[in-house]
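Some notes on the structure that comes next.
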Amino acid sequence: MTANFLIGLREGLEASLIVVLLMAYLIKTGRRNLIPRLWIGVGIAIAISFGFGALLTFGPRGLTFEAQEAIGGGLSIVAVALVTWMVFWMARTARSLGGELRSQVDKAADGAAWGLVLVAALAVGREGLETALFIWAAAQATGETTLPLLGALLGLVAAAGLGYLLHRGVLKVNLGRFFTWTGVGLIVIAGGVLAYGVHDLQEAGILPGLHNLAFDVSAAIPPSSWYGTVLKGTLNFSPATTWLEAAAWLLYVVPVLYLYIRANRSARPKATSTISAPAVVAQP
């Protein structure tokens, strides 16, 4: 639940901030009449995201074991690529996000009647599709139970609550620090998802080395133990790890963490800023 709660919280808060910024700008510019269109776009994005998640969950059923493992491994790697792009994108564009959204709102309001629906659907839908794919991959990696999905749902609910408090001006959040540290956590989680995807591709026969283990600490860390479950659920740690899985984890986590931390340091402003809506997104 822990890893998926973090995913739901981080991704959900990004989507919530987009909605908060759009609503704040519409209210500030005297266009409250367009808010229902904003919510229609948000609803469409949520429905598409749930549909995509259902497709990922039920689509591969009925296929052979090797085909299911190949699809699962491939989608896990795609999810890692999307999450990696997302954390770097947020670090790079956080300062200009508010301005970009306001510009899109102005164009939509001056154009077609339902242009704002499309703006909201695209802005929130992008986050929703990324979230659905990464939660699915993380849930597959930690085991097919309801607990990973429950953790993700709790994270999304918490994010929606924070978004409401931000909109009401009740809460102030240091978004720069929040997104920086949750980004670090997501990179570590993504490393585990990548290793799991590599293992799936090994089981599908696409990659070699399924039985070449780098280490096997199952006796010291039984998968059924509480600490084995914690390590599996938070870091996707496998007591029996192949050389290719270990190499994929190290070659991803170490350089990506270094580049991410360096990118955040170079992008950090001299004064750390916070947000209490209606406001703008702070730079990480």
- Task: For Val217, enumerate each residue passing the side-chain contact (heavy atoms from CB on, under 4.5 Å) test, keeping only those at least two apart in sequence or located in another chain.
- Result: Phe215, Ile221, Phe237, Pro239
- Message: So, using side chain to side chain donor-acceptor pair (under 3.5 Å) as the criterion, who are the partners of Ser238 when residues are at least two apart?
- Response: none
- Query: So how far is it from Leu13 CG to Leu162 CG, rounded to the nearest 0.5 Å?
  - Reply: 6.0 Å
- Locate the shortest heavy-atom distance separating Gly183 from Val87; write the atom from each residue and the value. CA-CG1, 4.1 Å
- Query: Within a strict 4.5 Å, meaning less than it, do heavy atoms of the Phe5 and Arg10 side chains meet?
  - Reply: no
- Would you kindly confirm whether Leu150 and Ile189 end up in one hydrophobic cluster when ILVMFWY residues are joined by side chain heavy atoms under 4.5 Å apart? yes
- Any chance you could measure Ser218, atom OG, to Leu213, atom CG, to the nearest 0.5 Å? 8.5 Å
- Task: Using the test side-chain contact (heavy atoms from CB on, under 4.5 Å), find all partners of Ala81 that sit at least two apart in sequence or belong to another chain.
- Result: none
- Query: Do you know which two heavy atoms are closest between Val80 and Ala190, and how far apart they sit?
  - Reply: CG2-O, 3.4 Å
- Please report the closest heavy-atom contact between Gly163 and Val20, naming both atoms and the distance. O-CG2, 3.4 Å
- Is there a path of hydrophobic side-chain contacts, each under 4.5 Å between heavy atoms of I, L, V, M, F, W or Y residues, that connects Phe88 with Leu251? no
- Message: In the structure I gave you, are the side-chain heavy atoms of Leu9 and Leu156 within less than 4.5 Å of one another anywhere?
- Response: no
- Message: Hydrophobic clustering (ILVMFWY, side-chain heavy atoms < 4.5 Å, transitive) - are Leu259 and Trp85 grouped together?
- Response: yes
- Task: Taking all non-hydrogen atoms of both residues into account, name the closest pair between Val193 and Ala137 and its distance.
- Result: CG1-CB, 3.8 Å
- Say you draw a straight line from OG1 of Thr131 to CZ of Phe52; how long is it, rounded to the nearest 0.5 Å? 11.0 Å
- If we only count heavy atoms from C-beta on, is the Trp136 to Leu75 side-chain gap below 4.5 Å? yes
- Query: Would you say the side-chain atoms of Gln202 pair up with the backbone N or O of Gly209, donor to acceptor, closer than 3.5 Å?
  - Reply: yes
- Would a 4.5 Å heavy-atom cut-off, applied to side chains only, mark Glu11 and Val83 as touching? no
- Item | Pairwise side-chain hydrogen bond (donor to acceptor under 3.5 Å, both in side chains) hits with a residue in residues 246-256, at least two apart | Thr84-Tyr252
- Note on the structure: For Glu69, the side chain to side chain donor-acceptor pair (under 3.5 Å) test, sequence neighbours excluded, returns none
- Message: Assigning hydrophobic clusters by single linkage (Ile, Leu, Val, Met, Phe, Trp, Tyr; side-chain heavy-atom cutoff under 4.5 Å), is Ile46 placed with Ile35?
- Response: yes
- Pick out which of Leu210, Val198, Leu194 makes a side-chain contact (heavy atoms from CB on, under 4.5 Å) with Glu245. Val198
- Task: Drop me the distance from Leu153's CG to Leu149's CG, to the nearest 0.5 angstrom.
- Result: 8.5 Å
- Note on the structure: Closest heavy-atom pair, Pro208 versus Leu244, reported as atoms and distance to 0.1 Å, is O-CD2, 3.8 Å
- Message: Take a 6.0 Å sphere around CH2 of Trp181 and say whether it holds more than 12 heavy atoms from other residues, nucleotides or ligands.
- Response: no
- Distance-only, no hydrogens or angles: does the Tyr196 side chain make a donor-acceptor pair with backbone N or O of Gly191 under 3.5 Å? no
- Could you give me the CA-CA distance, side-chain angles and deciding distance for Ile261 and Thr180, then say whether side-chain contact (heavy atoms from CB on, under 4.5 Å) is met? CA-CA 8 Å; Ile261 292 173; Thr180 296; over 6 Å; no
- Message: What I'd like to find out is whether the side chain of Val254 reaches to under 4.5 Å of the side chain of Tyr258, using heavy atoms alone.
- Response: no
- Pairs meeting criterion side-chain hydrogen bond (donor to acceptor under 3.5 Å, both in side chains) with involvement of residues 203-213, two or more places apart: His199-Glu203
- Do Val256 and Leu250 belong together in a cluster built from hydrophobic side chains that touch within less than 4.5 Å? yes
- Identify the heavy atoms of Ala214 and Ala246 that sit nearest to each other, and give their distance. CB-CB, 4.2 Å
- Item | Gap separating the CG atom of Leu22 from the CZ atom of Arg37, nearest 0.5 angstrom | 14.5 Å
- Could you grab the distance from atom CG of Leu122 to atom CD1 of Ile48, nearest 0.5 Å is fine? 8.5 Å
